[in-house]
K.L.:
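Quick one: the structure is below, questions incoming.
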Amino acid sequence: MPELPEVETVRRGLEQNLLGWKIQSATQLHLRALNPRSEAPLHAIAGTKILELRRRGKFLWFVLDREYALVAHLGMSGQFLINPDHDKHTRALFTVSRGFKREALHFNDQRTFGWVSVETLHDGIPTSAMPIALDPFEPKFDQEAVITNIKGRHVKIKTAILNQNIVSGIGNIYADESLWLAKIHPESTASALSRTEIKRVLDCAADVMSKAIDVGGTSFDELYINVNGESGYFDISLNAYGQEGEPCPRCGTQIRRIAFANRSSHFCPRCQKPKVTSK
DNA sequence: GGAAATGTTTACCG
DNA sequence: CCGGTAAACATTTC
């Protein structure tokens, strides 16, 4: 469940189910399941208690009653499942307990781009998330600074908002949805946009992701589900992403799909006119 | 068989 | 060194 709203959905699910629980065992089952930059083997967190579940952008971590935190990035297909009825693609396995209760927490990941790691915290942030920018929902998110940063770049606006070092949490779905809502063409040059337009994109991103969180994120299939296996419902609210050929909900013009960085961009050719400068 | 899929890292270039 | 771009990573499905 990969973008900010899906990661937040997982964070809430873990929080509701496992806060205060003890991690009895932590086992790595796949070579790539542990981030190479992990500061300790996975079993180093055995015996710890889960105090807090935190998130920045797409990074998720368990605060424990020990020096180390359990950090996770879901990549393209990672998921946390509590007592699933299958072992499909389980890359790491945790046994958790509270009193006499005992449950299995699976980290599953079909495409193995996701990972877990054991890391120290620095001012509350794990080492691997240090270079990651704040996401739009953090109280200290400095929108003015982000606008200035984006305005100074000679890249497509979509590239800028996907850059996790500028603003974190936005992925391909919510980038397309944010730009559609803001009426900005994904290939517009960032520096060619006004501060007002860039602000609109950021405001729309927060708006879209907030609404997605409210309904449990976007689930197209079984790959993107909550810790209890439930799907999110935001897919029915998508206006641009995956809507090629469908009428734009605003003006009726057919949504167009174009290639973008080994993937796709979806936009309304009438509502979203490109604003481009060569250099 | 080719293309595409909700992500990040790395090498490479000017 | 910097900013920017493109390929690579792995697996599955259409």
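In the text below, chain A, chain B and the rest are named by the order of the sequence lines, each starting its count at 1. Excluded from the calculations below are hydrogen atoms, water molecules and symmetry mates; all remaining heavy atoms, backbone and side chain alike, are included.
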K.L.:
So what is the 5' to 3' dot-bracket string for DNA chain B, if pairs are Watson-Crick or G-U wobble with both distances under 3.5 Å, crossing pairs use [ ] and | means the partner sits on another strand?
P.N.:
.||||.||||||||
K.L.:
For A:His266 and B:dA4, what is the distance between atoms NE2 and C1' respectively, to the nearest whole Å?
P.N.:
10 Å
K.L.:
When you get a sec, tell me which of B:dA4, B:dT8, C:dC9 is the closest nucleotide to the side chain of A:Arg257?
P.N.:
B:dA4
K.L.:
What's the CD-P distance between A:Glu244 and B:dA5, to the nearest Å?
P.N.:
10 Å
K.L.:
Is there aromatic stacking of A:Phe113 against C:dC9, centre distance under 5.5 Å, plane angle under 30°?
P.N.:
yes
K.L.:
In whole Å, what is the span from the CG atom of A:Asn165 to the P atom of B:dT8?
P.N.:
10 Å
K.L.:
Show every ring pair (Phe, Tyr, Trp, His ring centres under 6.0 Å) that has at least one partner inside residues 176-216 of chain A, sequence neighbours left out.
P.N.:
A:His185-A:Phe267
K.L.:
Using a cut-off of strictly less than 4.0 Å between a heavy atom of the residue and any atom of DNA chain C, enumerate the qualifying residues of residues 104-111 of chain A by number.
P.N.:
A:Gln110, A:Arg111
K.L.:
Reading nucleotides 9-14 of chain B from the 5' end, what letters show protein touch, with B for base, S for backbone sugar-phosphate only, - for no heavy atom under 4.0 Å?
P.N.:
S-----
K.L.:
Counting only heavy atoms not in A:Lys151, do more than 12 sit closer than 6.0 Å to its NZ atom?
P.N.:
yes
K.L.:
Rounding to a whole Å, what distance do you find between A:His30:NE2 and C:dA10:C1'?
P.N.:
9 Å
K.L.:
Any side-chain donor-acceptor pair under 3.5 Å between A:Glu187 and A:Ser265?
P.N.:
no
K.L.:
With a 3.5 Å cut-off and sequence neighbours excluded, list the donor-acceptor pairs that the side chains of residues 143-150 of chain A form with protein atoms.
P.N.:
residue: A:Gln143; atom: OE1; partner: A:Lys199; partner atom: NZ; Å: 3.4
residue: A:Gln143; atom: NE2; partner: A:Asp203; partner atom: OD1; Å: 2.8
residue: A:Glu144; atom: OE1; partner: A:Arg195; partner atom: NH2; Å: 2.9
residue: A:Thr148; atom: OG1; partner: A:Glu144; partner atom: O; Å: 3.0
residue: A:Thr148; atom: OG1; partner: A:Arg195; partner atom: NH1; Å: 3.0
residue: A:Thr148; atom: OG1; partner: A:Arg195; partner atom: NH2; Å: 3.4
residue: A:Asn149; atom: OD1; partner: A:Arg153; partner atom: NE; Å: 2.8
residue: A:Asn149; atom: OD1; partner: A:Arg153; partner atom: NH2; Å: 3.3

K.L.:
Measure from the side-chain heavy atoms of A:Ser264 and tell me the nearest of B:dA5, C:dG4, C:dT11.
P.N.:
B:dA5
K.L.:
Taking only side-chain N and O atoms of A:Thr159, does any of them lie within less than 4.0 angstrom of OP1 or OP2 on C:dG4?
P.N.:
no
K.L.:
Can you see whether A:Asp109 engages A:Ser77 through a side-chain donor-acceptor pair at a distance of less than 3.5 angstrom?
P.N.:
yes
K.L.:
Which nucleotide sits closest to the side chain of A:Thr112: C:dA8, C:dA10, C:dG4?
P.N.:
C:dA10
K.L.:
Run the numbers on A:Phe62 and A:Phe94 for ring pair (Phe, Tyr, Trp, His ring centres under 6.0 Å), then give the verdict.
P.N.:
CA-CA 13 Å; A:Phe62 300 62; A:Phe94 305 86; 7.1 Å; no
K.L.:
Restricting to pairs with a member in residues 187-214 of chain A, which pass ring pair (Phe, Tyr, Trp, His ring centres under 6.0 Å), not counting sequence neighbours?
P.N.:
none
K.L.:
Evaluate the criterion side-chain contact (heavy atoms from CB on, under 4.5 Å) for residue pair A:Asn163 and A:Thr159; output intermediate values, then yes/no.
P.N.:
CA-CA 6 Å; A:Asn163 186 334; A:Thr159 302; 5.8 Å; no
